[in-house]
There are 2 protein chains.
Amino acid sequence: MEFADRLVDAQKQKRTLLVLGVDPQLDRPGAPGIPADTTLTRFCCEIIEACAEFVVAIKPQLAFFEARGIAGMAAFVEVVRFARSRGLLTIADGKRGDIGSTSAAYAEAFVGGGDFACDAVTVNPYMGSDALAPFIARVRNGRGVFVLVKTSNPSSGEFQDLTAGGRPVWESVAARVAGWGSDFIGSSGLSSVGAVIGATYPDQAVRARELMPAAIVLAPGFGAQGASAEEAVASARADGLGVIVNASRSLMYASRVEGENFIAAARRAAAAMRDELNLALAARIRH
Amino acid sequence: MEFADRLVDAQKQKRTLLVLGVDPQLDRPGAPGIPADTTLTRFCCEIIEACAEFVVAIKPQLAFFEARGIAGMAAFVEVVRFARSRGLLTIADGKRGDIGSTSAAYAEAFVGGGDFACDAVTVNPYMGSDALAPFIARVRNGRGVFVLVKTSNPSSGEFQDLTAGGRPVWESVAARVAGWGSDFIGSSGLSSVGAVIGATYPDQAVRARELMPAAIVLAPGFGAQGASAEEAVASARADGLGVIVNASRSLMYASRVEGENFIAAARRAAAAMRDELNLALAARIRH
């Protein structure tokens, strides 16, 4: 089954477009409400368990596991396994991309048969089509790809917004994403070749939807990075589909005071975010 | 000591600009001359031992280790440790880059204190300055960074060559690399913020040198990807410094027939490549 269809099914069944970004920061545990003896795996799995009802997928960030070396990568394996046992889709956030033969190895690692394999992976387009082809080839095996188009960070415009041929570079990437994805549109009408568009850039998200009518937009930047629910769903299609919204730190570190239970705090935050996003989406569709 | 100065010292002392790309492909062992029972770690370390005299650094490609999961990453740790025991510098080829807080974790992983830490790391500029700042901050700790500017692959021009503001996007990246690196120029006159320029694009390499007078250029694409020694050294400065040249498959898989010793074949290939590059460099400087 196509990744896009699996995602849409889960989204409809659970009535949520929220994704849990599993980003265990380096200076935690030690945050308010998280017992100091909580292991990395335990911490991530408790958060996943708490949020599972309210999210369609998890998006573990490789960087935070790699920073912890072999033990971190072993935790990554456990975290992905646990999320799957809870029926969640998994998106490896690695932003990989390299020459073809190397990207083929990355694809094997993150959307293939390796220890670290997930249902989808984020990739970086700077090196062009041949760097992304090995990832896109995995779509035939039911996997998904999210290509960085317009990222959520403050300096994303430095190269992405350079005007070339009358449009910003990111629009050229978006147009290519639509092309790469056109062969992989599922019964949901959405493609398994998606795009990352920061929720912090809602105007660009609207424009991106015009360029990529079938792409699933993964929108980071909601919550800790400052985007509102309205901004986060800016790329939604008229049918209400086509966007999933990631929140990481605002779920992982929802507990703000000592003694507050971090699991209960994450659960409350996830429920509130789900509702907030559903309301924003409903309002957007009505207009 | 600055990374750039360590690299230049090693280059002068050993009279070589060759870098061994440690890229254990997924379909090997099984290549001619490599015994089927050769473990991943053993294979990589034998190649490193064979080439150590002729190379200034190793550049292990993360993808090929990640594709093998936890065992692969454990091998990565062993390989880096072994290369250091042979006095070689290490460049983690990961092409990482993400929002600031995430790039900080990647920097910890690959040029910090983690299991996977090397002397330098390759990074991807698509997300802009704030995505690279955490890596560049590590230069103060003697680490190096190589920013993708113009990559060696066939489709590298798809976005890198888009013309914006009268010049290709990669030139805008090159200009920024010069800026980022200007605070980190060592006694060698070279900066620890370097650039990746494919040896397959020698004209661009010459232009890149004008834009980045102090950058160390890491040139992949020599050997298996088709660039000649003359093309590989195109970005050298008049003083003969400023370029290191990577070869991966042509060293790792130098043995072409069954029964040929892969270690001896790698050693012969490395010696020949070192000499070829030194001749090409000498010819370039004379002109």
Side-chain angles (χ1 to χ4, degrees), chain A residues 23 25-26 61-64 66-74 77 93-110 112 114-116 124-131 148 151-160 162-165 168-169 172-173 176 220 225 249, chain B residues 23 25-26 61-64 66-74 77 93-110 112 114-116 124-131 148 151-160 162-165 168-169 172-173 176 220 225 249:
Chain A
D23 292 17
Q25 306 285 322
L26 293 182
Q61 170 51 256
L62 264 302
F64 296 111
E66 291 181 339
R68 293 172 168 93
I70 296 291
M73 296 312 291
V77 174
D93 195 358
K95 300 185 173 64
R96 300 299 200 260
D98 209 303
I99 67 169
S101 53
T102 302
S103 276
Y106 276 133
E108 172 65 14
F110 297 111
D115 287 347
F116 309 138
N124 186 309
Y126 188 70
M127 295 178 69
S129 296
D130 61 33
L148 297 188
T151 58
S152 63
N153 57 316
S155 69
S156 74
E158 196 166 332
F159 304 120
Q160 295 165 26
L162 288 175
T163 303
V169 168
S172 293
V173 177
R176 295 293 284 141
Q225 287 184 64
R249 282 169 282 180
Chain B
D23 291 18
Q25 306 285 322
L26 292 183
Q61 170 52 256
L62 265 300
F64 296 110
E66 291 180 339
R68 294 173 168 93
I70 296 292
M73 295 312 291
V77 173
D93 195 358
K95 301 184 173 63
R96 299 300 199 261
D98 209 303
I99 66 168
S101 54
T102 302
S103 276
Y106 276 134
E108 173 63 15
F110 297 112
D115 287 348
F116 310 139
N124 186 309
Y126 188 71
M127 295 179 67
S129 297
D130 60 35
L148 298 189
T151 59
S152 63
N153 55 316
S155 70
S156 74
E158 197 166 333
F159 304 118
Q160 295 165 26
L162 287 175
T163 303
V169 168
S172 292
V173 178
R176 296 292 285 143
Q225 286 184 63
R249 283 169 281 180

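Basis for what follows: all heavy atoms, side chains included, without hydrogens, waters or symmetry-related copies. Just so it is clear, the structure is predicted and the values come from calculations on it, not from any experiment. Below, read A as the first sequence line, B as the second, and so on, with proteins coming before strands; counting in each chain starts at 1.
Looking at every heavy atom in both residues, Ala67(A) comes nearest to Ala105(B) through CB-O, 3.4 Å. Residues Arg249(A) and Ile99(B) come closest through the heavy atom pair NH2-CD1, 4.1 Å. When all heavy atoms of Gly97(A) and Lys95(B) are compared, the pair lying nearest together is O-CD, 3.8 Å. A pairwise comparison of heavy atoms in Ile70(B) and Asp115(A) identifies N-OD2, 2.8 Å as the closest pair. Listed here is the closest heavy atom pair of Glu158(B) and Arg176(A): OE2-NE, 2.5 Å. The nearest pair of heavy atoms linking Gln160(B) to Met127(A) is NE2-CA, 3.6 Å.
In this structure, the portions of Tyr126(A) lying under 4.5 Å from any heavy atom of chain B include both its backbone and its side chain. Contacts of Pro220(A) with chain B are absent, with no heavy-atom separation under 4.5 Å from either backbone or side chain. Both the backbone and the side chain of Ser129(B) come within contact range of chain A, judged by heavy atoms closer than 4.5 Å. With a 4.5 angstrom heavy-atom cutoff, Ser101(B) touches chain A via backbone and side-chain atoms both. At a 4.5 Å heavy-atom cutoff, the contact between Phe116(B) and chain A is made by side-chain atoms alone. Neither the backbone nor the side chain of Pro168(B) comes within less than 4.5 Å of any heavy atom of chain A.
Side-chain contact between Gln61(A) and Tyr106(B) is present, with at least one heavy-atom pair separated by less than 4.5 Å.
Note that CG of Asp130(B) and OG1 of Thr151(A) are 8.0 Å apart. Values are rounded to the nearest 0.5 Å. To the nearest 0.5 Å, atom CG of residue Asp98(A) and atom CG of residue Asn124(B) are 9.5 Å apart.
Just one of Met73(B), Arg96(B), Glu108(B) meets the side-chain contact (heavy atoms from CB on, under 4.5 Å) condition when paired with Glu66(A); it is Arg96(B).
Taking Leu162(A), Val169(A), Val173(A), Asp23(A) one by one and counting their heavy-atom pairs under 4.5 Å with chain B, the maximum is reached by Val173(A). Taking Ser172(B), Ala164(B), Ser103(B), Gly114(B) one by one and counting their heavy-atom pairs under 4.5 Å with chain A, the maximum is reached by Ala164(B). Options Pro154(A), Pro125(A), Ser152(A) differ in how many heavy-atom pairs under 4.5 Å they form with chain B, and the most are formed by Pro125(A).
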